Amino acid sequence: MPPPADIVKVAIEWPGAFPKLMEIDQVSACVSVCLAGLWSLANHDQFALQHADSSNFYITEKLFLFFLFLSQAQNAQQLHERIQSSIFCLNSFIRNMLSFTLTAFVELMDHGIVSWDTFSVAFIKKIASYVNKFASDISILQRSLAILESMVLNSHDLYQKVAQEITIGQLIPHLQGTDQEIQTYTIAVINALFLKAPDDKRQEMANILAQKQLRSIILTHVIRAQRAINNEMAHQLYVLQVLTFNLLEDRMMTKMDPQDQAQRDIIFELRRIAFDAESEPNNSSGSIEKRKSMYTRDYKKLGFINHVNPAMDFTQTPPGMLALDNMLYFAKHHQDAYIRIVLENSSREDKHECPFGRSSIELTKMLCEILKVGELPSETCNDFHPMFFTHDRSFEEFFCICIQLLNKTWKEMRATSEDFNKVMQVVKEQIMRALTTKPSSLDQFKSKLQNLSYTEILKIRQSERMNQEDFQSRPILELKEKIQPEILELIKQQRLNRLVEGTCFRKLNSRRRQDKFWYCRLSPNHKVLHYGDLEESPQGEVPHDSLQDKLPVADIKAVVTGKDCPHMKEKGALKQNKEVLELAFSILYDSSGQLNFIAPDKHEYCVWTDGLNALLGKDMLSDLTRNDLDTLLSMEIKLRLLDLENIQIPDAPPPIPKEPSNYDFVYDCN
């Protein structure tokens, strides 16, 4: 009679003792209690079984071989005590031991077995001392920075303790080195401290980050010194950029109080700079009614919607008081341009004037949307802009450039008040197109905008529109339909070739951005997926034989994406992250097997989902496939029509002529 399915036979080895056999009930037995009876072990709950995968043993009758070792929690505790102790001296051998110990500690803690809250102040001081003491030892410094980042991100109590031991001033020297990994980890620690800091402390940190010394270090030693910024560095710079701009959120969401005299004084200052620059600010001559009438007239010239009480224009959030802050900054720091814009518009007809007040409010709102002010940083985005690291008031300067662009575009369009929304759409397109070029400075950004005049935008739009409309006649559509299967087959082969090359995927979880990688690639015969973990990001392709695991394509049941993925249904921060959700896909196989992916970017996501669907005989439905299909179809049709240049292609085929009255003209071969 076969044994019950819940009973497993195991062989267990303990160093220095004879191996023993035992049976374990998987349902009711406690493994640690069973182990206690084998060798009379004290503290049996501190041990765990490790599977022995070796070809030196014959295993029969479903017998599983295990080694008995200290549990992961006990290992982590021993490593913690070892790091905290003073056994490490400065010779190279012990430095290597320390480096390996820190690495093992990071790996164990990433499994979430031991809570970060269990560590003492003495341990934090020890790790912080490594950051200052071992600046020349890359491996120790890197692991120490990684531990500090994890401490801050995973525990509020630890954040407070770490913040007392590590300051931005102590981290700055590590940014001045040449090792990009150290620079990346250093910025990651700064971001973690920034993210977890209370509001008052965050503003203080922002003031430090805005200082010219630190900005110049980031620009000189990080952005410009590196020939190629890796994805992780780009991500950390993006996070730093987002966190800095998020300090504007309070002002963006603050409504103006029409009764607050201090806030009303800002509006008075805008009026004074524009119209009364040469007069005394406290001039009280004239009747009250006359002065009110004068103020109303001036507020209308300033472009406010509410001429009587312009404070009401700033009660909408966003942009709230942030718009008024930007207007005052522009008026004070770019006074000539401010006066010119206001006086220029006040001298035009009412319907042709560009309302400075209304424009500033809408522009501030638009810029907040473009820069995602108030949103948490994405786990996968690497979209940072070097120009925002060149000025301590970069957002305000960004606004000053864009408000002058808006006024220029308004004149070029000869717009009226009814065209306000159209002008804003054109300005947004100009800004977005300039930002995609990644200008290195605000001056370069301004120069890019000069080349994107309204006339140039019209040309770009017309060119894009013509490319879409050129091939809409019936003969061209029929030709497209004929060659489309050939193009789709070409795209399919490209996707499968990319899967054969393989991709390195990053492991993410809800606690922190991981520096762990795994690789997956398709076999050349398209029959098997090979995958396995990697120690670091590879520089090229990873050979099949170095990937430990395999999945036959024939076993794949389905490919699911987004919220349908098993790893996106789990509780955690990743579930709430829209960007990660859009990059997630999973392979389902057997009854409950699953292989979960988070693509490094949207392009890789499209390549893999297309390729996997092609392997399963399904349609490739990604945005990338649609774009590639449109591009390749357009190119193929243009090539085929080269001989017909300057020949008008009819919209419909020519009519079929009537049959002749007789066929006497036909030659009789007989």
Side-chain angles (χ1 to χ4, degrees), residues 197-204 206-207 210 244-277 280-284 286-335 338-339 341-342 345-346 354-375 393 395-400 402-403 406 420 424:
D199 291 342
D200 55 340
K201 184 71 174 177
R202 194 176 300 177
Q203 187 60 58
E204 180 184 329
N207 294 335
T244 304
F245 283 141
N246 278 356
L247 293 172
L248 303 170
E249 184 181 9
D250 286 344
R251 296 295 286 174
M252 181 181 74
M253 301 308 295
T254 300
K255 295 181 179 180
M256 185 171 185
D257 182 1
Q259 307 303 320
D260 190 319
Q261 186 59 43
Q263 295 177 354
R264 291 167 63 89
D265 286 345
I266 299 176
I267 298 177
F268 292 151
E269 181 67 6
L270 289 173
R271 177 196 166 277
R272 186 196 67 77
I273 295 173
F275 304 114
D276 296 336
E280 290 295 325
N282 296 321
N283 185 6
S284 57
S287 67
I288 295 177
E289 290 299 323
K290 185 177 179 180
R291 288 172 59 195
K292 281 185 177 180
S293 174
M294 181 175 62
Y295 285 168
T296 300
R297 181 198 65 202
D298 290 347
Y299 291 148
K300 183 177 182 297
K301 290 180 180 180
L302 281 170
F304 290 113
I305 297 174
N306 192 318
H307 308 152
V308 177
N309 187 6
M312 299 301 296
D313 288 11
F314 300 95
T315 56
Q316 179 187 358
T317 58
M321 288 294 293
L322 184 59
L324 187 59
D325 294 343
N326 284 338
M327 293 168 69
L328 183 63
Y329 181 90
F330 180 53
K332 285 188 171 183
H333 294 82
H334 300 270
Q335 192 172 115
Y338 167 70
I339 294 173
I341 288 176
V342 173
N345 285 291
S346 62
C354 176
F356 173 74
R358 182 185 176 191
S359 299
S360 298
I361 292 169
E362 291 301 319
L363 179 63
T364 301
K365 184 178 179 181
M366 179 200 295
L367 297 183
C368 289
E369 291 172 357
I370 291 173
L371 299 177
K372 296 181 170 54
V373 175
E375 296 183 19
R393 302 288 294 272
F395 184 82
E396 289 86 345
E397 288 293 324
F398 187 44
F399 167 84
C400 293
C402 293
I403 192 65
L406 193 155
F420 186 85
M424 295 303 296

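Since we're looking at a predicted model, the values are computed, not measured.
Side-chain contact between Phe275 and Met294 is absent, with no heavy-atom pair separated by less than 4.5 Å. When side chains are defined from C-beta on, Phe356 counts as touching Phe330, because their heavy atoms get closer than 4.5 Å. Between Cys354 and Leu406, the closest side-chain pair of non-hydrogen atoms falls below 4.5 Å. Here the side chains of Glu269 and Arg272 are in contact, with some heavy-atom distance below 4.5 Å. At least one side-chain heavy atom of Gln316 sits under 4.5 Å from a side-chain heavy atom of Lys365. Between Ile403 and Ser359 the shortest side-chain heavy-atom distance falls below 4.5 Å.
Considering all non-hydrogen atoms of both residues, Leu363 and Cys402 come closest at CD2-C, 3.6 Å. Looking at every heavy atom in both residues, Leu247 comes nearest to Ala206 through CD1-CB, 2.8 Å. Across every non-hydrogen atom of Cys368 and Phe395, the tightest pair is SG-CZ, 4.1 Å. In terms of heavy-atom proximity, Met312 sits nearest to Pro258 at SD-CG, 3.5 Å.
Gln263 places no side-chain N or O within donor-acceptor distance of the main-chain N or O of Met256, the cut-off being under 3.5 Å. No donor-acceptor distance shorter than 3.5 angstrom exists from the side chain of Arg358 to the backbone of Gly303, with no hydrogens or angles considered. Checked by atom type and distance alone, the side chain of Asn246 pairs as donor or acceptor with a backbone atom of Glu375 at under 3.5 Å.
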The test is side-chain contact (heavy atoms from CB on, under 4.5 Å); show your working for Tyr338 and Leu270 and say whether it passes.
CA-CA 10 Å; Tyr338 167 70; Leu270 289 173; 3.6 Å; yes
Side chain to side chain donor-acceptor pair (under 3.5 Å) assessment of Gln261 paired with Asp265
CA-CA 6 Å; Gln261 186 59 43; Asp265 286 345; 2.9 Å; yes
Using the rule given for side-chain contact (heavy atoms from CB on, under 4.5 Å), can you reason through Phe399 versus Ser360, listing the C-alpha separation, both sets of side-chain angles and the distance that settles it, and then say yes or no?
CA-CA 8 Å; Phe399 167 84; Ser360 298; 3.7 Å; yes
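Checked against Asp298 for a salt bridge (Lys or Arg N to Asp or Glu O under 4.0 Å), the options Arg291, Lys292, Arg271 give a single hit: Arg271.
Taken to the nearest 0.5 Å, the CD1 atom of Ile267 stands 6.5 Å off from the OH atom of Tyr299. Rounding to the nearest 0.5 angstrom, the gap separating the CZ atom in Arg264 from the CD1 atom in Ile266 is 12.0 Å. To the nearest 0.5 Å, atoms OG (Ser293) and OH (Tyr295) are separated by 12.0 Å. Annotation: the span from Asp199 atom CG to Gln203 atom CD amounts to 9.5 Å, rounded to 0.5 Å. The CG atom of Leu302 lies 11.0 Å from the CZ atom of Arg297; values are rounded to the nearest 0.5 Å. Here SG of Cys400 is found 4.0 Å from NE2 of His334. Values are rounded to the nearest 0.5 Å.
For Asp313, there are no salt bridge (Lys or Arg N to Asp or Glu O under 4.0 Å) partners two or more places apart in sequence or in a different chain.
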Compile the donor-acceptor pairs under 3.5 Å between side chains in residues 317-329 and protein atoms, sequence neighbours left out, one pair per line.
{"from": "Asp325", "atom 1": "OD1", "to": "Arg251", "atom 2": "NH2", "distance (Å)": "2.9"}
{"from": "Asp325", "atom 1": "OD2", "to": "Arg251", "atom 2": "NE", "distance (Å)": "2.7"}
{"from": "Asp325", "atom 1": "OD2", "to": "Arg251", "atom 2": "NH2", "distance (Å)": "3.3"}
{"from": "Asn326", "atom 1": "ND2", "to": "Thr364", "atom 2": "OG1", "distance (Å)": "3.2"}
{"from": "Tyr329", "atom 1": "OH", "to": "Glu397", "atom 2": "OE2", "distance (Å)": "2.6"}

